[in-house]
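One-based numbering, in listed order, for ligands and for the atoms of each. These numbers were taken from a predicted model, which means no experiment stands behind them.
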Amino acid sequence: GDHRATRQMTDNSPLQIFVKAKKKINDIFVEIEDYVKDTVEYMHEIEKQQEIVNSQKVKETEDFVNKVHGIRDVLSRDHMKVAFFGRTSNGKSSVINAMLRDKVLPSGIGHTTNCFLQVEGSPTDEPYLILEGSNEHCAVDSVGQLAHALCKEKLNENQLVRVFWPRNRCLLLRDDVVFVDSPGVDVTPNLDEWIDKYCLDADVFVLVANAESTLMVTEKNFFHKVSMRLSKPNIFILNNRWDASANEPEYLDQVRRQHQERAVDFLVKELKVCSQKEADERIFFISAKEALQARLAEQGQTVSTPLTEGFQTRYFEFQDFERKFEECISKSAVKTKFDQHSQRGKLIANQLREILDSIYNDAQQLKDEKLRHRKELHDKINHTEEQLMLITQEMKQKIHHMVEDVEQRVSKALNE
Ligand code: GTP
Ligand code: MG
C-alpha cells in the first residue's frame, strides 16, 4: 500500500547513490576494524615469543585501530552540502523552504537573512537550533520563533546558526543533505571570509537569481571568487520569480532565451566550470513561492490559492531542478568525500599486510635457522660416531697386535 509506494519512491531517488555508497564504505571499514583488532590480538599472543615480534610492530598495529576508528567517525558525519547565494530578496530562503516542503526559514519582508543558516537533519523528532560558539539546544516550534530567536541574538553576518529539523519531515534531510542559506551577496564586503568559512566543503552551489532582472555584477563576482578557490565547482542557476513573467506572456520566450544565453555564457565562457551541454542541465526557470505553496497545499497545511497562468510548467521545472540537483550532489559528494576514505582504507590494509608479511618472514627465517642448527648438530654426531668407529677399529687392531706381540714374546721366552 502507501508504505511501499513511499519506499519505492525514495529508493529511486538519486540521493541513494550517496546513501548506498556511504553504507557500503562504512561496512568495509567495519570489516577493516575487525581485521585490525584480530591482528592486534594475534600479535599480543605471539609477542610472548620475543624472537618473532618486537613491541614496535605491535605498537604500529595498535595505532591502526585508532586510525580506522577516526575514519569511521568522519564517515558517520559525512554529508552532502548545498549552499545558496544571490542578491538579497531574490528568494534564497524561499527556494530552501520549497525544497524542505515547509516554511522552515524566515523569508520575506522583515525576515532578511542576516547570518548563515544551516539546515540539517535532527537526531531527535523535535526541531532546535544551535548558535555559533554554543552547545545549547534552543527549541523552536515555528518559523515565528526561529525568526524571533535570530533577531534577538544580534547576529553577525559571518556567524552560523545551525537549524536541526526532524529528518522524517523531509527526504533530503533524511538522506544527509545539508542546506546553507546566506545573506545577500550585495550586502557584505566579506565575501572572501564567507568562501573560506562556508564554501570550501560545499558539493553544490545554487545561485538564486531574479528572473525579473539580469545577473548582477555582485553575483557574478562572488562566483568568480568561488571558482578561483575551487576547481570546477558545481553551480546551478535558478531564475526565480518566473511567475512574474506570466504578466507579460508576449515577451516570455524572448526573455527566457536571453536569460538562458547569458547564464550559459556565464558558466561556460566566464567561469569555465562546465560545457555547453552541461550548462543546459544547470539553468532553470522557477517560482519558489509557488512551489512552496503547492507543497503546503498538498499536505493540507493551507488551502490552495488560485494558480497563476503557467504554474504547472514552472512546478515541473522546479521538480526537474530537484532531480538534476540530487543527481549532481550525490555523485559529487561520493567522489570528493569517499574517494579519500577508500584510499586510506587501501593504505591501511596494505601496511597491515606488510607487517604481517614481515612477521611471517622472520618466523620462516627462524625456522630455517633452527633446521640448519639441527643439521649441524646431526653432522657433528655422525662425525663423532665415525671417529669412534675408527678409533675402536684402531684399538682392536692395536690390541690384536699387542696380543700377538705378547704371544710371540711369550713363546720366544719359552723356547729359550
Ligand atoms: P534575503 O534573506 O533578504 O537576502 O532574501 P531571500 O533571498 O532569502 O528572499 P526571500 O526568500 O526572503 O524572498 C523575498 C520575497 O520574495 C518574499 O516575500 C517571497 O515571498 C518573495 N518570493 C520568493 N520567491 C518568489 C517567487 O518565485 N515569486 C514571487 N512572486 N515572489 C517570490
Ligand atoms: Mg533569506
Side-chain angles (χ1 to χ4, degrees), residues 82-119 129 143-144 146-151 153 155-161 163 179-191 194 198 205-213 215-216 218-219 222-223 236-249 252 255-256 259 283-297 301-302 304-322:
V82 51
F84 294 78
F85 292 98
R87 269 168 52 84
T88 189
S89 280
N90 278 2
K92 301 176 291 297
S93 304
S94 301
V95 171
I96 297 176
N97 284 341
M99 292 174 83
L100 293 173
R101 295 162 183 267
D102 207 342
K103 278 190 181 157
V104 178
L105 302 175
S107 71
I109 299 169
H111 292 313
T112 292
T113 310
N114 55 4
C115 65
F116 277 82
L117 290 172
Q118 176 166 311
V119 186
L129 57 87
V143 217
L146 179 63
H148 184 69
L150 296 177
C151 282
E153 290 294 336
L155 292 153
N156 166 315
E157 46 138 64
N158 278 345
Q159 270 180 313
L160 177 72
V161 173
V163 181
F179 296 79
V180 175
D181 191 11
S182 63
V185 283
D186 48 334
V187 300
T188 180
N190 296 328
L191 296 178
W194 280 16
Y198 298 108
F205 296 87
V206 178
L207 164 55
V208 181
N210 186 344
E212 290 165 298
S213 66
L215 277 184
M216 300 279 175
T218 39
E219 291 167 320
F222 177 75
F223 282 95
F236 284 81
I237 298 180
L238 296 182
N239 295 283
N240 192 33
R241 295 170 168 273
W242 190 231
D243 52 319
S245 68
N247 300 329
E248 294 162 281
L252 197 79
V255 173
R256 184 177 175 129
H259 280 319
I283 298 157
F284 298 89
F285 292 77
I286 56 137
S287 167
K289 191 178 172 180
E290 283 177 344
L292 176 61
Q293 267 169 4
R295 284 178 172 172
L296 291 176
Q301 286 201 31
T302 55
S304 41
T305 44
L307 300 173
T308 317
E309 174 76 30
F311 157 77
Q312 205 53 256
T313 319
R314 288 188 292 276
Y315 191 37
F316 278 144
E317 193 154 341
F318 188 82
Q319 289 166 313
D320 189 28
F321 153 68
E322 287 180 309

Closest non-hydrogen contact found for Asn90 with Val208 is ND2-O, 3.0 Å
Write down the atom of Phe318, the atom of Met99, and the distance for their closest heavy-atom approach.
-> CZ-CG, 3.9 Å
Would a line drawn from the ring center of Phe205 to the ring center of Phe236 be shorter than 6.0 Å?
-> no
Report the residues that fulfil side chain to side chain contact (heavy atoms under 4.5 Å, CB included) with Leu252, sequence neighbours left out, ordered by chain and then residue number.
-> Trp242, Ser245
Ion pair Asp181/Lys92, N-O distance below 4.0 Å = no
Total protein N, O or S atoms, the Mg ion (ligand 2), separation less than 2.8 Å | 2
Is Leu238 close to Val206 at the side-chain level, that is, under 4.5 Å between some pair of heavy atoms?
-> yes
So do the side chains of Glu157 and Cys115 get within less than 4.5 Å of each other, counting heavy atoms only?
-> no
Enumerate the protein residues lying less than 4.0 Å from ligand 1, judged by heavy-atom distances, in chain and residue-number order.
-> Thr88, Ser89, Asn90, Gly91, Lys92, Ser93, Ser94, Ser107, Gly108, Thr112, Thr113, Gly184, Asn240, Arg241, Asp243, Ser287, Ala288, Lys289
For Ala244, side chain to side chain contact (heavy atoms under 4.5 Å, CB included) partners two or more places apart = Glu212
Could you tell me whether Glu317 and Arg256 have a side-chain N and a carboxylate O separated by less than 4.0 Å?
-> yes
